[in-house]
> 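Here it is: the structure, laid out below.
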Amino acid sequence: FFFFKQKTAYEMLRSLVGSEMCIRDRYMGIINQLKMKCSCGSTDVLNDASKGEYICMSCGKILEENTIVNDEGFQNNAPVGKLTSKSGDYIHSKTLMGYSRDSSDYRLAKAFKKINQLAESLNISQFHVEAAQRIFKLAKQNNFIQGRHTSHVAAAALYIVCRRAKTPHLLIDFSDVLQINLYVLGACYLKLVRQLRMELPLIDPSLFIHRFCASLEFQEKTQEVSITALRFLQSMERDWMSYGRRPTSLCAASILIAARYHGFKRTISQLVQTVHVCDETIRKRIEEFKETPIANLTKEEFEKLDIDKDLQAPLDPPSFTKNALKDKPDMEELKNYEDEIRKNANKIEEKFKLQEKQTQDTIGDKATQE
């Protein structure tokens with residue numbers, strides 16, 4: 001009789017691996033998974049066999065990658081000594097040694113990972129990331145994620161947090177990072193806000209002045225240009241120019257005027273690439289600003305000006321003034337009609353008076369003859 005150790009048999013021929021070694025290799029991944037611990041302190045780890053990843057369920061961080069292992073075993077009806085392999089198959093629900101995960105938990109971990117990636121790309125703090133993860137959980141509880149891309153819902157949740165925290169981030173920033181259509185992402189964001197019944201504050205244009213000025217490279221005068229642009233923006237808000245207008249268009253107009261004020265030659269095309277608005281929109285904001293009292297001041301007068309105290313009552317909103325100018329020809333035509341009617345009425349009255357006088361004269365002549 002010849003006896004071979006399992007180790008020697010394993011080295012000589014893989015088909016002679018015993019059942020004990022198969023069982024050992026099969027559960028080595030599960031044992032490693034249970035021993036893993038994330039840097040956030042959580043031991044709740046998901047093993048994605050299809051991608052070979054170990055993912056933290058608390059923060060979405062990938063703890064280990066490229067760990068795909070072929071599971072080998074024997075088939076009942078297979079030829080003697082033939083091994084079967086299974087690699088890359090994803091099981092929606094598996095329970096081994098009391099450790100259970102399903103597809104919803106996998107999608108939640110994937111969403112947390114996407115939120116972390118977006119936050120790193122846009123320099124968003126970890127505090128806001130955790131708030132966005134809570135919003136995504138609310139969306140999951142309300143079945144909002146069904147039939148929608150995980151990345152879209154994750155970006156919408158993070159943008160809601162940025163709106164509430166008043167950080168200088170726009171929805172177009174998220175669409176640029178994800179490389180998706182802005183209107184598709186905007187529709188998902190609006191539906192999520194309605195689904196969760198949230199009330200978000202309006203966007204304050206002043207939040208983006210420093211960011212856009214830094215992108216336009218004003219060098220050592222970046223702070224001065226930013227302060228001047230904020231003063232122009234304050235006057236625009238005072239004269240009702242910010243209502244019904246895109247905040248970025250007001251930022252572009254105020255920064256362009258401030259740049260010319262400090263001697264920098266920045267073109268509208270440069271503002272378009274930085275602020276992401278149409279050039280015609282910027283021109284309209286500048287034309288509206290020309291109608292304000294500040295546009296007629298000199299540089300010295302503007303520096304001494306206190307916008308809240310020295311200026312008179314604010315002007316009418318530009319939309320109201322524009323509609324009034326449209327209605328002005330109609331008003332002039334109506335006034336001409338009124339003048340013509342008044343002239344005709346005077347002529348008719350004069351004729352009545354003349355006829356009445358003639359009648360009285362005729363009656364007087366008859367009385368004299370009698």
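Residue numbers start at 1 and run along the sequence shown.
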> With sequence neighbours excluded, tell me which residues meet side chain to side chain contact (heavy atoms under 4.5 Å, CB included) with Arg246.
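Only Thr248, Ser249 meet the side chain to side chain contact (heavy atoms under 4.5 Å, CB included) criterion with Arg246.
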> To check you understand the geometry: which heavy-atom pair defines the closest contact between Phe144 and Cys188, and what is its length?
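Answer, listing the atom of Phe144 first, then Cys188: CZ-O, 3.7 Å.
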> Not counting sequence neighbours, list each pair that qualifies as a salt bridge (Lys or Arg N to Asp or Glu O under 4.0 Å) and has a residue in residues 159-182.
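Residue pairs with at least one partner in residues 159-182: Asp173-Arg211.
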> Would you say that Lys191 contacts Arg148 through its side chain, given a criterion of any heavy-atom pair below 4.5 Å between the two side chains?
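Yes, close enough: below the 4.5 Å cut-off.
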> With no hydrogens and no angle check, just 3.5 Å: does a side-chain donor-acceptor pair link Ser151 and His149?
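Result is no, nothing qualifies.
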> Compare all side-chain heavy atoms of Ile209 with those of Ser254 and state whether any distance is below 4.5 angstrom.
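Of all side-chain heavy-atom pairs linking Ser254 with Ile209, at least one is under 4.5 Å.
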> Could you give the side-chain donor-acceptor pairs of residues 121-132 under 3.5 Å, partners two or more places apart or in another chain?
| from | atom 1 | to | atom 2 | distance (Å) |
| --- | --- | --- | --- | --- |
| Ser121 | OG | Gln117 | O | 3.0 |
| Ser125 | OG | His128 | ND1 | 3.1 |

> Thr150 and Lys114: side-chain contact (heavy atoms from CB on, under 4.5 Å), yes or no, with the steps?
CA-CA 8 Å; Thr150 304; Lys114 180 60 68 175; 5.7 Å; no
> Phe212 and Ile255: which non-hydrogen atoms are nearest, and at how many Å?
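Closest approach of Phe212 to Ile255: CB-CD1, 3.5 Å.
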> Indicate every side-chain donor-acceptor pair of residues 343-354 with a distance under 3.5 Å to a residue at least two apart or in another chain.
| from | atom 1 | to | atom 2 | distance (Å) |
| --- | --- | --- | --- | --- |
| Asn344 | ND2 | Glu340 | O | 3.3 |
| Asn346 | ND2 | Arg342 | O | 3.2 |

> Which atom pairs, one a donor and one an acceptor, fall under 3.5 Å between side chains of residues 226-233 and the rest of the protein, sequence neighbours left out?
| from | atom 1 | to | atom 2 | distance (Å) |
| --- | --- | --- | --- | --- |
| Ser226 | OG | Thr222 | O | 2.8 |
| Thr228 | OG1 | Glu224 | O | 3.0 |
| Thr228 | OG1 | His262 | NE2 | 2.7 |
| Arg231 | NH1 | Phe302 | O | 3.3 |
| Arg231 | NH2 | Phe302 | O | 3.3 |
| Arg231 | NH2 | Leu305 | O | 2.6 |

> Quick check for you: to the nearest 0.5 Å, what is the distance between Arg107 atom CZ and Asp105 atom CG?
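One gets 12.5 Å once the value is rounded to the nearest 0.5 Å.
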> Using the salt bridge (Lys or Arg N to Asp or Glu O under 4.0 Å) criterion, which residues pair with Arg266? Sequence neighbours excluded.
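Checked Arg266 against salt bridge (Lys or Arg N to Asp or Glu O under 4.0 Å); zero matches.
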> Does the pair Leu108 and Gln133 meet the rule for a side-chain contact (heavy atoms from CB on, under 4.5 Å), with working shown?
CA-CA 9 Å; Leu108 192 63; Gln133 292 174 354; over 6 Å; no
> For Asn181, give me all partners under side chain to side chain contact (heavy atoms under 4.5 Å, CB included), at least two apart in sequence or on another chain.
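Tyr183, Val184.
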> Report the C-alpha distance between Leu200 and Tyr189 in whole Å, list the side-chain angles of each, state the deciding distance to 0.1 Å, and finish with yes or no for side-chain contact (heavy atoms from CB on, under 4.5 Å).
CA-CA 12 Å; Leu200 300 179; Tyr189 157 72; 3.0 Å; yes
> So do Arg134 and Leu138 actually touch side chain to side chain, heavy atoms under 4.5 Å?
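Answer no - side chains too far apart.
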> In Å and rounded to the nearest 0.5 Å, what is the OG1 to CZ distance from Thr167 to Phe208?
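The OG1 atom of Thr167 sits 7.5 Å away from the CZ atom of Phe208.
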> As an exercise, state the distance from CZ of Phe289 to CD1 of Ile257, rounded to the nearest 0.5 Å.
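With rounding to 0.5 Å, CZ (Phe289) is 4.5 Å from CD1 (Ile257).
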> Not counting sequence neighbours, which residues clear side chain to side chain contact (heavy atoms under 4.5 Å, CB included) with Ala155? List them please.
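By the side chain to side chain contact (heavy atoms under 4.5 Å, CB included) rule, Ala155 matches Leu118, Phe174, Leu178, Leu185.
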> Can you name the side chain to side chain contact (heavy atoms under 4.5 Å, CB included) partners of Glu287, sequence neighbours left out?
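Glu287: side chain to side chain contact (heavy atoms under 4.5 Å, CB included) contacts with Lys290.
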> Above 12 or not: heavy atoms from other molecules or residues under 6.0 Å from CD of Glu220?
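Yes, because the 6.0 Å sphere around CD of Glu220 holds more than 12 heavy atoms from other groups.
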> Go through it in stages, so that I can follow the logic: the residues are His169 and Leu158, the test is side-chain contact (heavy atoms from CB on, under 4.5 Å), and I'd like the CA-CA distance, side-chain angles, deciding distance and then a yes or no.
CA-CA 10 Å; His169 295 93; Leu158 188 57; over 6 Å; no
> Run the side-chain hydrogen bond (donor to acceptor under 3.5 Å, both in side chains) test against Thr267 and tell me which residues pass, sequence neighbours left out.
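If we apply the side-chain hydrogen bond (donor to acceptor under 3.5 Å, both in side chains) test to Thr267, skipping adjacent residues, the hits are Ser269.
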> Closest approach of Ala139 and Leu196, non-hydrogen atoms and distance?
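Ala139 and Leu196 have their closest heavy atoms at N-CD2, 4.4 Å.
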> CD of Gln234 to OG of Ser206: how many Å apart, nearest 0.5 Å?
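Here the interatomic distance stands at 10.0 Å.
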> Please report the shortest heavy-atom distance between Ala157 and Leu192, naming the atom on each side.
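Smallest interatomic distance, heavy atoms only, reads N-CD2, 4.0 Å.
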> Calculate, to the nearest 0.5 Å, the distance between atoms OG and CD belonging to Ser175 and Gln179 respectively.
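The CD atom of Gln179 is 8.5 Å from OG of Ser175, to the nearest 0.5 Å.
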> Kindly state each residue pair satisfying side chain to side chain donor-acceptor pair (under 3.5 Å) with at least one member in residues 271-280, sequence neighbours excluded.
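Pairs touching residues 271-280 that pass the test: Asp279-Arg283.
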> Tell me every residue that passes side-chain hydrogen bond (donor to acceptor under 3.5 Å, both in side chains) with Thr281, counting only those two or more places apart in sequence or in another chain.
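Partners of Thr281 under the side-chain hydrogen bond (donor to acceptor under 3.5 Å, both in side chains) test: none.
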> Is any side-chain heavy atom of Phe112 less than 4.5 Å from a side-chain heavy atom of Lys137?
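The answer is yes; the side chains approach within 4.5 Å.
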> To the nearest 0.5 angstrom, please state how far the CD1 atom of Ile145 sits from the NE2 atom of His152.
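Rounded to the nearest 0.5 Å, the CD1-NE2 separation comes to 14.0 Å.
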